[in-house]
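Shown next, in structure tokens, is the structure this report addresses.
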Amino acid sequence: MSESFFKDTAKIPFEGADSNNPLAFRHYDATQMVLGKSMAEHLRFAVCYWHSFNSPGADIFGAGTYDRPWLTEKSLLQARTKMSGAFEFMEKLGVPYFCFHDRDVAPEGDTLKESNENLDQMIGMMEEEMARTGIKLLWGTADLFNHPRFAAGAATNPDPQVFAYAAAQVKHVLEITHRLGGANYVLWGGREGYDSLLHTDLKRETAQLGRFMQLVVEHKHKIGFTGTILIEPKPHEPTKHQYDYDVAAVYAFLQKFDLQDEIKLNVEANHATLAGHSFQHEIATATANGLLGSIDINRGDPQNGWDTDQFANSVEEATLILLEILKAGGLGNGGFNFDAKIRRQSIARDDLFHAHIGSMDVAAQGLLNAARIIEDGHLQELLDARYAGWQGDLGEQMLAGDLSLQQISDLVHSQNLNPEPVSGRQEMLENLLNRYIY
Ligand code: XUL
Ligand code: CO
């Protein structure tokens, strides 16, 4: 390994809730067992390459602010310095996984062939770093949104050559993800949407997107990749409207193209709130349909409406999402990817550590709280009691399709059914939830 970049920070220890050391975990103890699995196995944290190592800290009004010496030029030399910094960071943080786009790790060349050659060189180094540290790949993905050729979309571009170029790019990154033993492959519809319907054939573009997804799935099987293909819904930004709007829209899309058994979802917190949903809602909708694959953990800002991608810091939200995840039996192949960026003024090298430590602790608190809720079983008992009527003959027969609308109507009249309203008890339940949140 080359010269240390994060030399002032040592390996982050677990010190427990009483610790005053800001560079220690207070709740995330990788080896602590919770409901029969270690915290590390439940949470499967992944550091994201793009926000943490590729972003210079620029915003639309100003230049980069971060101390990232590997971003001064686009060269393989700098890509190597960046990669050793990235693995040093991940090793010191103690995360088991990472995620990357092709263009995060190697500079784009003048042709796709040249870009692939650059990438292959960096994947060689990545394999060595993965072997040295034991850190694994949660998912790989292709950047189909940065280059001007993708301004009008990748798969949904009006020019079939752009579709073909994007397909060739995804083929290569899917194969690399397979070679690295990646657990998943993510498709985020970066610019798969529109800015104006005046120049957009929506029907044609969504058909293009469906065919593109089918091609990816076909190739996955051809090469024997056993990871999961994931779509990451987002309602807008960068385009005015993205076709993968939210979990429900993607579910309909998957069914239309007969992909519901092939593709799952990577659900992101700030994308959920951009769509007018809570993160909990999006995860619950995904688990209800057997579609939860992985999550991108972050948060928006309640006072403004864009994708601020801040580090998650709400214990209550973490508790609610972990409750959904635990009830669904866990994330399986998925994990918690930090699709989050430190603020533009956070220019000290250790700010990256503080950001990740905080969110990892919050997720650990959420896990412990959710496990207590499940072990107590009280919330579940109240939920079961609310629907208990459906266990009776009437409920079962109606759902099983044994009764027609005529028969149901006859039954209501003959038995003189006159159901009484019952309290929903929302405030009592909210108070109960708060008793588990530490
Ligand atoms: C953008 C976003 C992406 C995907 C990967 O909002 O979330 O970083 O996670 O392409
Ligand atoms: Co994301």
Side-chain angles (χ1 to χ4, degrees), residues 44-55 58-60 86 97-105 108 119 137-147 150 153-156 166 169-170 172-174 176-177 182-193 209 212-213 216 227-247 250 263-275 277 279 282-283 286 292-301 304-312 321 331 334-342 355-356 359:
R44 295 163 58 90
F45 287 123
V47 164
C48 92
Y49 221 92
W50 51 103
H51 286 311
S52 291
F53 309 108
N54 254 26
S55 164
D59 69 14
I60 48 170
Y97 292 96
F98 70 106
C99 301
F100 74 97
H101 300 86
D102 47 0
R103 302 292 172 254
D104 300 337
V105 296
E108 175 143 17
L119 186 56
L137 179 62
L138 184 64
W139 46 265
T141 189
D143 177 340
L144 304 178
F145 44 88
N146 245 303
H147 194 280
F150 298 125
T156 61
Q169 199 178 320
V170 168
H172 194 63
V173 187
L174 184 61
I176 280 171
T177 302
N184 304 275
Y185 183 85
V186 162
L187 294 152
W188 170 54
R191 291 181 194 274
E192 313 294 24
L209 189 56
F212 194 90
M213 302 291 180
V216 176
T228 313
I229 307 283
L230 303 173
I231 291 181
E232 184 176 322
K234 186 173 184 181
H236 37 250
E237 204 212 89
T239 68
K240 168 194 162 71
H241 176 92
Q242 306 259 139
Y243 298 129
D244 300 337
Y245 196 92
D246 60 4
V247 170
V250 174
I263 296 185
K264 289 190 171 168
L265 301 186
N266 183 39
V267 180
E268 177 164 328
N270 205 170
H271 296 181
T273 51
L274 279 181
H277 304 305
F279 195 19
E282 285 293 79
I283 291 177
L292 185 65
S294 198
I295 64 170
D296 271 9
I297 187 167
N298 58 19
R299 76 175 205 270
D301 182 305
N304 59 30
W306 67 89
D307 196 12
T308 61
D309 280 343
Q310 287 165 255
F311 275 83
I321 64 151
L331 279 174
F336 280 57
N337 169 46
F338 292 106
D339 197 350
K341 54 186 177 225
I342 48 176
H356 285 85
S359 277

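Below, each value reflects all heavy atoms present in this structure, side chains not excepted, and no hydrogens, waters or symmetry copies. For ligands, and for the atoms within them, numbers begin at 1 and follow the listed sequence.
With sequence neighbours left out, the salt bridge (charged side-chain N to carboxylate O under 4.0 Å, His left out) criterion links K234 to E237, D307. Remark: F150 engages no residue in a ring pair (Phe, Tyr, Trp, His ring centres under 6.0 Å) (not counting sequence neighbours).
A donor-acceptor pair under 3.5 Å links the side-chain atoms of S359 to the main chain of A312, judged by distance alone.
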Self-check item: Check against side-chain hydrogen bond (donor to acceptor under 3.5 Å, both in side chains), D339 and W50
Solution: CA-CA 8 Å; D339 197 350; W50 51 103; 3.0 Å; yes
Exercise. Evaluate side-chain hydrogen bond (donor to acceptor under 3.5 Å, both in side chains) for D309 paired with N298, printing each intermediate quantity in order.
Key: CA-CA 6 Å; D309 280 343; N298 58 19; 2.9 Å; yes
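Between L331 and R44, the closest side-chain pair of non-hydrogen atoms is not below 4.5 Å. Two residues are said to be in side-chain contact when any heavy atoms from C-beta on lie closer than 4.5 Å; V267 and F279 meet this criterion.
Within 4.0 Å of ligand 1, protein heavy atoms come from W50, H101, W139, W188, E232, K234, E268, H271, D296, D307, D339.
Aromatic ring centres of F311 and H356: separated by under 6.0 Å.
Inside a sphere of radius 2.8 Å centred on the Co ion (ligand 2), the protein N/O/S atoms present are E232 OE2, E268 OE1, D296 OD2, D339 OD2.
Aromatic ring orientation, H101 versus F145: perpendicular (interplanar angle above 60°, classes split at 30° and 60°).
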